[in-house]
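Heads up, the thing below is written out as structure tokens.
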Amino acid sequence: MSKKANTFQTPIGTRDLLPEHSARWEAVIEVFSNVASRAGFSLIDTPIFEDVGVFTRIGEGTDVVGKEMYEFLDRSERPMALRPEGTAAVCRAFAQHRPPVPWKVYYRGPYFRYEAPQAGRFRQFHQFGIESIGSDDPDIDVEVIALGWKVLEAVGINQIELLVNSMGDQETRNNYQEALNAFLKSHVNDLDEEDRKKVDTHPMRVLDSKRSATQSVTKEAPRINDFLSAEAEAHFERVRDGLTALKIPFSIEPRLVRGLDYYTHTTFEFQSLALDSAQSTVCGGGRYNGLIEELGGPATPGIGFGMGIERLLLACDAEESFPAPGSRVQVWVVDVTDGSSARDLTHSLRDHGVTADRSFDQRSMRSQMRSANRSEAEIALIIGEEEVNEETVAIRMLRDEEIGQIVVPRSSVIAEVQRLLGLEL
RNA sequence: GUGAUCGUAGCUCAGUUGGUUAGAGCGCCUGUCUGUGGCACAGGAGGUCGGGGGUUCAAUUCCCCUCGGUCACCCCA
């Protein structure tokens, strides 16, 4: 697309958030912030880059850290990485600051993964998420999932499926991995070639495979649900009961293992049913009872989710929900004299809580009125020679035929505008 | 990383079986309609047809490479 040698564009998989989309973007973040803070979560912001070690705890063998991480050495040769996800950094912050528990935080911001972009996937993408650290009460699992549900509901998404699974505790995983490993080994020849490599390193991730050869094997595989320890089963049952009590529909997906190593007990995923693209997971999360200890903190349980903002908006588009908020300017000041009235009036309108804009460059009245109309302002204030001489302002209602146009003294124009806009101050 | 597909004005696209000054709609600017937008009309600005190389008397149109978009695999938000 470049027309000259020195022309640039956004790097692969990144994009500009342009003015025509930014209001909706801000609005969706606000919806999320409200849901989270209403539930007692507070905002946390962590750096966009961190010591690589923070993220390798996610799992050395995972794609996210193994092949998708933006890594670099800073000028002092320290190994750094652009954050590929949110949970590890929040846990690092917890381990570093040792706040009192329960620690309930929410976050939003950009994340980075070096991948080939496609529908719903970018190299710089944005998530918001929450983490609730300090307890392994299963009711917290329910609360976290319910808040994810709440966000989806608040943006008007209906066609959604909640998948839930339990990865159990360490005992569960040991027993299960043994059984699964034995099973996979006995069927290794039936597995897809790519998936065979995972049998020894990440047997549970074989379950995640979408390759048909593998899937026909794994549907017969032992299910983790049958291996849950008594404790893990009790936890999972309480979570299921809680979701049912809150009338949040879900289905149990025993093959839901998710791509990060740190999960224990509850894992879950919200998938949009309205999207026909391949990336339909809008939100994913789970419990990570060992992660903080891994990062050098005190053994502390936690659970959270991350929600992809681009995907959430894509799902909204597919359901034609959450339209962009409308016009931004209430008043457009048209000045066909020397512009000084426009200068003074916009300034004082803004001081009085009215959003106002104007044209510059001494354009013709027609041109200024066109701008006023396009701005979607309710009101145009018109000042010409006549108005200047008589110290008046013509107030033209751009969307209200009945009122049409009235002329008021310059001294009362602010009050008049406020009245017409219904801003009783 | 692999595969498919696409790349002509700001946007959406047409077009040239290779051949004079490359088109439309929308948008933008100016004007007409007795200082006033949304309608209509008139005019205008804006493109070396993603970039580089090759074939040819001649390429935007053919070939190669490259860059980028889109979609899919892998994996994930």
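Atom set for the values below is all heavy atoms of this structure, side chains included, hydrogens, waters and symmetry mates excluded. Everything numeric here is computed off the predicted structure, so don't read it as measured data. In what follows, every chain begins at residue 1, and chains take the letters A, B, ... in the order their sequences are listed.
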Suppose we screen for salt bridge (charged side-chain N to carboxylate O under 4.0 Å, His left out). Which residues come up paired with [X], at least two apart in sequence or across chains?
X: A:R240; result: A:E233
X: A:E71; result: none
X: A:E115; result: A:R121
X: A:E378; result: none

So for [X] and [N], does any side-chain atom that can act as donor or acceptor lie under 3.5 Å from a complementary atom in the base?
X: A:Q118; N: B:C75; result: no
X: A:R113; N: B:C75; result: no
X: A:Q405; N: B:U36; result: yes

Contacting residues from residues 271-284 of chain A, given that a heavy atom lies under 4.0 angstrom of RNA chain B =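 A:S277, A:A278, A:Q279, A:T281, A:V282, A:C283, A:G284 - these, ordered by number, are the residues of the stretch whose heavy atoms sit under 4.0 Å from the strand.
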Interface residues of residues 370-384 of chain A with RNA chain B (non-hydrogen, below 4.0 angstrom) = A:R370, A:N373, A:R374, A:I382, A:I383, A:G384
request  = For A:V164, check side-chain contact (heavy atoms from CB on, under 4.5 Å) against everything at least two apart and list the hits.
outcome  = A:L162, A:F236, A:L243, A:F250, A:T266, A:F268
message = Going by side-chain contact (heavy atoms from CB on, under 4.5 Å), name the residues that satisfy it together with A:A146, two or more places apart in sequence or in a different chain.
response = A:L246, A:I248
note = salt bridge (charged side-chain N to carboxylate O under 4.0 Å, His left out) pairs touching residues 334-348 of chain A, sequence neighbours excluded, are none
note = Here the salt bridge (charged side-chain N to carboxylate O under 4.0 Å, His left out) pairs for residues 128-154 of chain A, sequence neighbours left out, are A:K104-A:E143, A:D139-A:R238, A:D141-A:R287, A:K150-A:E153
query = Using a 3.5 Å cut-off on both pairing distances, which stems of three or more Watson-Crick or G-U pairs include RNA chain B?
reply = B:1-7 with B:67-73, B:10-13 with B:23-26, B:28-32 with B:40-44, B:50-54 with B:62-66
key: Base of B:A77 and ring of A:Y111 stacked, centres under 5.5 Å, planes under 30°   = no
Mind checking if [X] touches a base, just sugar-phosphate, or nothing, with heavy atoms under 4.0 Å?
X: A:I12; value: sugar-phosphate
X: A:G13; value: sugar-phosphate
X: A:G129; value: nothing
X: A:E68; value: sugar-phosphate

inquiry  = Looking only at the side chains, is there a donor atom on one of A:E310 and A:H126 sitting less than 3.5 Å from an acceptor on the other?
reply    = yes
query = Under 4.0 Å: is that the gap between some side-chain N or O of A:R363 and OP1 or OP2 of B:U30?
reply =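 Looking at the OP1 and OP2 atoms of B:U30, one of them is under 4.0 Å from a side-chain N or O of A:R363.
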message = So, OP1 or OP2 of B:G37: does either fall under 4.0 Å of a side-chain N or O from A:S367?
response =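 Negative; the distance criterion is not met.
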key: A:P254 backbone acceptor or donor facing A:N165 side chain under 3.5 Å   =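 It does hold such a pair.
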Of the listed nucleotides B:G37, B:C74, B:G68, the one nearest the side chain of A:M369 = B:G37
Starting from [atom2] on [N], measure out to [atom1] on [X] and report it in whole angstrom.
X: A:L314; N: B:C71; atom1: CG; atom2: C1'; value: 13 Å
X: A:E386; N: B:G35; atom1: CD; atom2: C1'; value: 8 Å
X: A:F122; N: B:U70; atom1: CZ; atom2: P; value: 7 Å
X: A:E20; N: B:C28; atom1: CD; atom2: P; value: 13 Å
X: A:R15; N: B:A77; atom1: CZ; atom2: C1'; value: 13 Å
X: A:L256; N: B:A77; atom1: CG; atom2: C1'; value: 14 Å

message = Distance to the ring centre below 6.0 angstrom and angle to the axis at most 45 degrees; does that hold for A:R123 and A:F112?
response =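 No, A:R123 does not sit over the ring of A:F112.
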query = Can you name the side chain to side chain donor-acceptor pair (under 3.5 Å) partners of A:R92, sequence neighbours left out?
reply =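 A:R92 satisfies side chain to side chain donor-acceptor pair (under 3.5 Å) with A:E50, A:Q96 only.
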